[in-house]
Every structure is written in structure tokens, then in C-alpha cells.
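Beneath this line is the structure, given in C-alpha cells, with notes to follow.
Remember, it's 1-based here, ligands and their atoms both numbered in the order they're listed.
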Amino acid sequence: MKHNFCAGPAVLPQEVIEKSAKAVYDFAGTGISILSISHRSKEFQPVVDEAVALFKEILDIPEGYSVLFLAGGASMEFCRIPYNFLNKKAAYLNTGVWAKKALKEAKAFGEVVEVASSAESTYTYIPKDYTIPADADYFHFTTNNTIYGTEIRKDLDSPVPLISDMSSDIFSRPIDVSKYNCIYGGAQKNLAPAGMAFVIVKNDALGKVDRYIPTMLNYQTHIDNGSMFNTPPTFTIYSALESLRWLKAQGGVKEMAKRAEARAAKLYGEIDRNRMFVGTANAEDRSYMNICWVMAPEYKELEDEFMNFAKGQGMVGIKGHRSVGGFRASCYNALPMESVDALIACMKEFEAKH
Ligand SMILES: *Cc1c(COP(=O)(O)O)cnc(C)c1O
């Protein structure tokens, strides 16, 4: 048995994989594959409609917001955000590679204030003391830093509307969407297979910039056309729908938050207990989603041995990002507790061997 700790594309519920596979052969009794059916067909439209409705229901999204499914990934949104929302000035919190990439794109559109950064310590913590300029159009932050294993698990207080990259912790806890002008992320971490971004946009926050926005980059285009201005990633949307059905049936974001906390408590508990390992992120900023650790200094040379040992026990994808090294276990919504237990057993066994 394999335990999938990949950072993204990542683990999906078995049920979602089975239903998606079935739809590849026969979608909704049409006798045609989901891979081959028109996005304009009467059978496909309900897929988008239900996915949007469930997305809004599960996250308790208030009236006045749109949910979009767009190709291009989270990285495309790094430029779409300032195109659509940055008129004069924006504030960004720099907590990692993705946050920095978002900030870099914004600079092409106006004044960008980096309110704080933890770059000097390889992003091992979340800066807390900073001031958000009250005349900024928005304040952008990355809720979960996938590479470094730090996370902001609350809807920050800010004098200006929030915009967040929630690629790797969407649906892992309740959020107060009303504080945000936009929430976006790549689908492939916590929701669906690769191939698209989800974007939640506050409708009346649009139309406030002076510049011309190219048609495909304009959120209004996609709102007006229900994510179907051009051909959307149909298969990914279908899998996302199955994932959303699964999320709802499991008990929604409250239940996901409980599971995330339980997985993280167990795994960090073992990292802290086991003399061979040390966690890399500042304790109070530890992510529930991406759990990062390295060998303790006196066991440094055993890193490859542990990696191979873990591989032999069925652990997949636990190699840390190249900028951090060591190990990273991504524990997304669909990761069963059995996988965490198996990894912990593996860490204990390795300790016993040495
Ligand atoms: C993976 C990731 C991205 C990049 O997503 P793409 O869909 O590959 O563009 C951006 N932000 C965060 C937080 C991520 O984890």
C-alpha cells in the first residue's frame, strides 16, 4: 500500500478517483467520455453549475461573490490580481517563494509595499509586526506556505480588503469570505487534479481600475460567461465536482479542520519526540498542511537512508523542497489518518534501528 504525501498534484479521495475514472469511459450515461464531450452540451453545464453551488455552500460564501474555474493555475492569478484590483497601490506580505512571485507581478501595475518578509530566515516564520497602509487597494498574503510549512490560519485584520492565495489550504478550515476581495489557488493541492485555478471574486470590487484589461485576463469576462468564455478544463472541473461532493458528505470544512489538526498534532508530536528529527518551521506558525522536518544535526548523514527506508514502507513524496531540504509530508484534506500513522511507525522503527 502506498501513502501519498505529494505536495501537488496530490492525494485525492479514492472515491473521487474512481468516479472520475468511470466518467472517462462513460460520462453521466451519455455513452461518451468526459474527455470528449462538449463543454456546451446540456450534460456538462450541470457539472459547472453544481460545482459552483457546492463551492459556495461549503465555504459559506456570501451573496455578491462569483466562483470561477480558470486555466493557468495559481501563477496566472499572480498577474490577474493586480490587473483587476491594483489601481495605485497594493500591500503584500512576503512569506515564501509563492508570495514573492505574486508580489513581483504586482510591481508591474503600481506601487507595491512589502509590509514584512521572513526571507532572511528562509521563511521559517510568519512576520507578525507590520502595518498595512490604509490607502492600499488590497492586502495580499499566502495563507499556507507549501514549501516552508508555515501557515496563517486566520482571516487577518486589515484596514483594506484582503486577497489571498489559498492554493494549499483551501477547504481545510472555515473562512470569513466577506473580508476578502478575492481568494484563489491552484486546484491540484487540495481539490482536484492539475489544470486549473479556482477564484472567488467579490463582484463589486471589480471595475475600479483605469487600465484596459485584456479580455482573457479580465475577471468580468469569466463572470459574465460562467467560466465558459472559452473552453474550460472540463475534466478537472468534473473531478473538482466529485471532490466537492465528497467534502460535503464528510461534514465540510469544520470536519476537515478537525482532521487536519489531528493529523498535524500526531505528526509534529512524533517529530518533536523522536531524537533523530527536528521540525524546520517556527512552532507557532506550523502548517497543518505541509509538515517539514530534517534530520537532527548528529544524524545528518542518515538522510538518504531514512528516505529509502520510508520509500520501502510505501511512503511517497516525502522529499522536502530543494530550497529547504529534508522531508515534507503534505497532509491535505484527502489524506487518511492511516497514512500519518504509517509514517510515524516508520519514523519510530528507524529510530529503533539506530
Ligand atoms: C503550488 C502553489 C502555487 C503555484 O500553483 P500553479 O497552479 O502551479 O501555478 C502558488 N501558490 C501556492 C501557495 C502553491 O502552493
Exercise for the section: Would you confirm whether Arg286, through its side chain, and Tyr268, through its main-chain N or O, come within 3.5 Å as a donor-acceptor pair? Expected result: no
Exercise for the section: Would you check if Lys88 and Glu111 make a side-chain contact, meaning some heavy-atom pair closer than 4.5 Å? Expected result: no
Exercise for the section: Let me see the working for Thr124 and Asn282 under side chain to side chain donor-acceptor pair (under 3.5 Å), right down to the final yes or no. Expected result: CA-CA 6 Å; Thr124 50; Asn282 185 28; over 6 Å; no
Problem - For ligand 1, the portion of Lys101 having any non-hydrogen atom under 4.0 Å away - result: neither
Exercise for the section: Answer yes when Asp60 and Lys254 have at least one side-chain N-carboxylate O distance shorter than 4.0 Å, and no when they do not. Expected result: no
Practice task
Find all atoms of ligand 1 within a distance of less than 4.0 Å from any non-hydrogen atom belonging to Thr142, and give their numbers and elements.
Solution key: 13 (C)
Problem - Test item: side-chain donor near acceptor, Asp169 and Tyr332, under 3.5 Å - result: no
Exercise for the section: Consider every N or O of Ala74 and every N or O of ligand 1, then say whether any pair is closer than 3.5 Å. Expected result: yes
Practice task
Under 4.0 Å, heavy atoms only, figure out whether ligand 1 is touched by the backbone of Met76, its side chain, both or neither.
Solution key: neither
Handout entry: Distance filter under 4.0 Å to Asn144 heavy atoms, resulting ligand 1 atoms
Key = 13 (C)
Practice task
Would you please test Glu284 and Lys128 for salt bridge (charged side-chain N to carboxylate O under 4.0 Å, His left out) and show each step?
Solution key: CA-CA 11 Å; Glu284 68 174 30; Lys128 312 266 175 351; 3.1 Å; yes
Handout entry: Electrostatic pair Lys266-Asp341, nearest N-O below 4.0 angstrom
Key = yes
Exercise for the section: Determine, considering heavy atoms only, which of Asn290, Asp169, Ile170, Asp165 sits nearest to atom 11 (N) of ligand 1. Expected result: Asp165
Completion exercise
The atoms of ligand 1 lying under 4.0 Å from a heavy atom of Phe78, numbered in the order shown, are 10 (C)
Practice task
Would you kindly specify which portion of Ser167 sits under 4.0 Å from ligand 1, judged on non-hydrogen atoms: side chain, backbone, both or neither?
Solution key: side chain
Exercise for the section: Only heavy atoms count here, so choose which of Lys189, Met289, Met196, Glu77 is nearest to atom 14 (C) of ligand 1. Expected result: Lys189
Practice task
Can you pull out the closest protein heavy atom to atom 9 (O) of ligand 1? Residue, atom name and distance to 0.1 Å, please.
Solution key: Ser75 OG, 2.6 Å
Problem - Element-labelled atoms of ligand 1 that are located less than 4.0 Å from some non-hydrogen atom of Gln188 - result: 5 (O), 6 (P), 7 (O), 8 (O)
Handout entry: Beyond-backbone contact of Met347 with Trp293, side-chain heavy atoms, under 4.5 angstrom
Key = yes
